[in-house]
Number of protein chains: 2
Amino acid sequence: MPNIMDSAFKSISILYRKSHIWFNDGCAQYALTGAQAVVILIVCDFEVLTQDGITKRLGLDKSVIAKTLTKLEKTGFMIRTINAKDKRTYDIRPTEKAREVYPFVKEQMDVCFQRMTQQMTDTERAEFKRLLLLAAEASIALDS
Amino acid sequence: MPNIMDSAFKSISILYRKSHIWFNDGCAQYALTGAQAVVILIVCDFEVLTQDGITKRLGLDKSVIAKTLTKLEKTGFMIRTINAKDKRTYDIRPTEKAREVYPFVKEQMDVCFQRMTQQMTDTERAEFKRLLLLAAEASIALDS
DNA sequence: CCAATTTGGTGGCATTTGCAACTAGTTATT
DNA sequence: AATAACTAGTTGCAAATGCCACCAAATTGG
């Protein structure tokens, strides 16, 4: 297939969609969607977060996080308690069940990145990751 | 905001969603969605393509391309003619209207990439683009 | 040359995400 | 202290995408 691509923008679209299909498949064995798995990872990493904290760190709309958390609470992965200092907000905490799947979900995520970068050298892969983080942080900072 | 991110996978999600919001906004003035604009770019670049050719090059599902093209034909950006050699397939060609918006849409896409990489040096930006294309091509090749 | 398989395209349905309007609680202004 | 402005979260709706089942044409294998 000649000249598949010339644009970084299109590349990002392709990488997003492909990696999410892979990640969703990988998470299905734990009865989780990709979106739910990502939330589990970030909440476990921080131990406690508000919904807004998750929203800002993932660059998703707050309504998306609200819906995902409702599901995760129902399925026993998260606990929501009203914050005493600010009654508008919830403290979101992982359950033991969440901590149990954490390493496996993390592994799935790494596998996805490994797969898309399999023809890169270790140096290239590390540089790719560094630039991705840099661009993502800048993008989040831009509209907030 | 401390430790926003640690994972390349999450970064790709963020970059995709943010850049698509920007791109959609940028394309709205031409009465185009981001998805439609991307199809216009690729069809103009190749002059003629089948729906399957577009599908493979963008890594999207074939039903998505079918729906997008139906819309683009209705709004006068694309022409579909049945291929004489293979009556199952369409030859998709851009109209003059498509060629007219092409440079502006391309510009919007570049602006998005520029925005997310604004703190990079020119060298970093070029390297980032190279690695994105490399990973995207590999991802497409993987499941086809 | 006929049957089986493959390929390109369509339509329906489900999921993910984003936006806008809304509620309730908090902070700032006067 | 009262009101205005802001912030966290919820809900409903719309758009984008993916998957599946299906159809029609083409290719392959006997």
Side-chain angles (χ1 to χ4, degrees), chain A residues 10 12-25 27-28 31-39 48-74 78 80-92 139 143-144, chain B residues 10 12-25 27-28 31-39 48-74 78 80-92 139 143-144:
Chain A
K10 277 188 243 168
I12 290 173
S13 305
I14 291 165
L15 288 173
Y16 170 80
R17 289 193 307 268
K18 292 296 179 188
S19 66
H20 271 250
I21 291 173
W22 301 338
F23 188 57
N24 270 292
D25 282 352
C27 291
L32 288 169
T33 67
Q36 291 165 6
V38 171
V39 170
V48 189
L49 277 177
T50 62
Q51 295 192 187
D52 204 53
I54 303 174
T55 295
K56 294 229 171 70
R57 286 181 174 80
L58 293 180
L60 280 160
D61 190 80
K62 57 187 182 170
S63 69
V64 173
I65 297 299
K67 288 159 196 166
T68 305
L69 282 172
T70 301
K71 189 71 191 292
L72 284 173
E73 193 182 20
K74 235 175 246 164
M78 293 286 144
R80 281 204 258 210
T81 50
I82 293 176
N83 183 297
K85 297 258 174 77
D86 185 343
K87 286 169 196 156
R88 291 170 308 174
T89 71
Y90 288 117
D91 289 333
I92 314 291
S139 301
D143 34 35
S144 65
Chain B
K10 276 187 245 167
I12 290 173
S13 305
I14 292 165
L15 289 174
Y16 169 80
R17 288 193 308 268
K18 292 295 179 190
S19 65
H20 271 251
I21 291 173
W22 301 338
F23 188 56
N24 270 291
D25 282 352
C27 292
L32 288 169
T33 67
Q36 290 165 6
V38 171
V39 170
V48 189
L49 277 177
T50 62
Q51 296 193 186
D52 204 54
I54 302 174
T55 295
K56 295 228 170 70
R57 287 182 173 80
L58 293 180
L60 281 161
D61 190 80
K62 57 186 182 170
S63 69
V64 173
I65 296 299
K67 289 157 196 165
T68 305
L69 283 172
T70 301
K71 189 70 191 293
L72 284 174
E73 194 182 19
K74 236 175 247 165
M78 293 286 144
R80 282 205 258 212
T81 50
I82 293 177
N83 183 297
K85 295 260 174 76
D86 184 342
K87 286 169 198 157
R88 293 170 308 175
T89 72
Y90 289 117
D91 289 333
I92 314 291
S139 301
D143 34 35
S144 63

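These numbers come from the heavy atoms of this one structure, side chains and all, not from hydrogens, waters or symmetry mates. Each chain gets a letter, A, B and so on, in the order the sequences are listed, and its residues count up from 1. In this text the structure is predicted, and so the values were computed from the model without any measurement.
The interatomic distance linking A:Leu69 (CG) with D:dT11 (C1') rounds to 15 Å, in whole Å. Here the C1' atom of nucleotide D:dT11 and the CD atom of A:Gln51 are 13 Å apart, to the nearest Å. In this structure, the CD1 atom of B:Ile14 is 16 Å from the C1' atom of C:dG18, given to the nearest Å. Rounded to whole Å, the distance from CD1 on A:Ile82 to C1' on C:dT23 is 14 Å. Summarising the geometry, the separation between CG on A:Leu58 and P on C:dT16 is reported as 15 Å, rounded to the nearest angstrom. Atom CD1 in B:Ile54 sits roughly 19 Å away from atom P in C:dT7 (whole-Å rounding). Summarising the geometry, the separation between CG on A:Asp52 and C1' on D:dC6 is reported as 12 Å, rounded to the nearest angstrom. Atom P of nucleotide D:dA8 and atom CZ of A:Arg57 are separated by 12 Å, given to the nearest angstrom.
Although no hydrogens or angles enter the test, the distance criterion places a donor-acceptor pair under 3.5 Å between the side chain of B:Asn24 and the main chain of B:Gly34. A side-chain donor-acceptor contact under 3.5 Å links B:Arg17 to the backbone of A:Leu58.
Partners of B:Asp86 by side chain to side chain donor-acceptor pair (under 3.5 Å), not counting sequence neighbours, listed by chain and number: B:Arg88. Residues satisfying the side chain to side chain donor-acceptor pair (under 3.5 Å) test with A:Thr68, not counting sequence neighbours, are none. Listed by chain and residue number, A:Phe9 satisfy the ring pair (Phe, Tyr, Trp, His ring centres under 6.0 Å) test with B:Phe23 (two or more places apart in sequence, or in another chain). Every side chain to side chain contact (heavy atoms under 4.5 Å, CB included) that A:Thr50 has, sequence neighbours left out, goes to A:Asp52, A:Thr89. For B:Ser19, there are no side chain to side chain donor-acceptor pair (under 3.5 Å) partners, not counting sequence neighbours. Annotation: side chain to side chain contact (heavy atoms under 4.5 Å, CB included) contacts of A:Ile21 (sequence neighbours excluded): A:Asp25.
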Under 3.5 Å, which protein N or O atoms sit close to an N or O of nucleotides 26-29 of chain C? Give each pair with its distance.
residue : atom : partner : partner atom : Å
C:dT26  : OP1  : A:Lys87 : N            : 2.9

Might you list the N or O atoms of the protein lying below 3.5 Å from N or O atoms in nucleotides 13-20 of chain D, with each pair's distance?
residue : atom : partner : partner atom : Å
D:dG18  : OP1  : A:Arg17 : NE           : 3.4
D:dG18  : OP2  : B:Asp61 : N            : 3.1
D:dG18  : O6   : B:Lys67 : NZ           : 2.9
D:dC19  : N4   : B:Ser63 : OG           : 2.5

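Residue pairs that meet the salt bridge (Lys or Arg N to Asp or Glu O under 4.0 Å) test with at least one member in residues 63-73 of chain B, sequence neighbours left out, are B:Glu73-B:Arg80.
Put simply, OG on A:Ser139 and CD1 on B:Ile14 are 8.0 Å apart, with the number rounded to the nearest 0.5 Å. The structure places CG of A:Leu49 at 5.5 Å from CD1 of A:Ile54, a figure rounded to the nearest 0.5 Å.
When the C1' atoms of four end pairs are superposed on the next four at each end of the helix from C:dC1-D:dG30 to C:dT30-D:dA1, using five pairs per end, the two resulting axes differ in direction by 30°, to 10°.
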